[in-house]
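Working notes for the structure below.
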Amino acid sequence: SAGAGSGTVSYSMTISSGRPDPMTEIRMTTLHATRGANFWSTHPVMRMDVSVGGYEDISSADVPGFTEALVSSMPGLEEHRCSIGERGGFIIRLRDGTYAAHIIEHVALELQTMIGHDVGYGRTRGGDNEGEYTLVFEHMHEGVGLRAAALALETVQQAFAGTLTSVDHAVAELSAL
């Protein structure tokens, strides 16, 4: 589609399902590590800004097999209470339909948990513009937190694309840091 009078043209890729390609639509725009107490928490957190593009109105419930693929790859997500306040709360949110930025937050926490880090705090909030979100999540080690952000993004992109089969590579990479 051409921008009215802008002289620019933008293209949006789609995958076979007819949905936009999550690998190009869901993007990290900023990543920042905090040390010590900060605006969001008394614990160090990663602040990650994401743009979800065509996934603004596409939830986990809209993608057949999404929840099953994510939970089979990361069974520990069952322990995430989320806003529901009970074990399995995040799984309920996935089945009912939650959105990319919120899912990235939980995946970043779970990837760290899978390597033995005791983290659990995270929040996702809308940004200044439509389709932009700020998420924060706790980290114990800055390098692990930074890489967990990128790997969580990749994992969620794969889940939306229907290509997620495992997070073993991500866990191995984080373990090596």
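Because only heavy atoms are used, hydrogens play no part in the values below, and waters and symmetry mates are left out as well, while side chains stay in.
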Closest approach of [X] and [Y], non-hydrogen atoms and distance?
X     : Y      : result
Leu31 : Ala149 : CD1-CB, 3.7 Å
Pro20 : Ile58  : CD-CD1, 3.7 Å
Met46 : Glu142 : CE-O, 3.4 Å

Is a side-chain N or O of [X] found less than 3.5 angstrom from the main chain of [Y], in a donor-acceptor match?
X      : Y     : answer
Thr98  : Leu94 : no
Gln157 : Glu25 : no
Asn38  : Ser41 : yes
Asp62  : Ser59 : yes

query: Any side-chain heavy atom of Glu79 sitting closer than 4.5 Å to one from Leu77?
result: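 No; the side chains remain at least 4.5 Å from each other.
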message: Do Arg93 and Asp96 make a side-chain contact, defined as non-hydrogen atoms from C-beta onward lying under 4.5 Å apart?
response: no
Listed partners of Glu154 passing side-chain hydrogen bond (donor to acceptor under 3.5 Å, both in side chains), at least two apart: His169
So, [X] and [Y]: side-chain donor and acceptor under 3.5 Å apart, yes or no?
X      : Y      : value
Thr29  : Asp49  : no
Glu110 : His80  : yes
Arg47  : Thr34  : no
Thr163 : Gln158 : no

message: If the test is side-chain contact (heavy atoms from CB on, under 4.5 Å), which one of Leu111, Leu174, Val107 qualifies with Val167?
response: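 For Val167, the side-chain contact (heavy atoms from CB on, under 4.5 Å) test succeeds with only one of Leu111, Leu174, Val107, which is Leu111.
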field: Salt bridge present between Glu105 and Arg123 (N-O < 4.0 angstrom)
entry: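 Answer for the salt bridge query: no.
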For the residue pair [X] and [Y], is the inter-centroid distance of their aromatic rings smaller than 6.0 Å?
X      : Y      : result
Tyr99  : Tyr55  : no
Phe90  : His102 : yes
Phe160 : Phe66  : yes

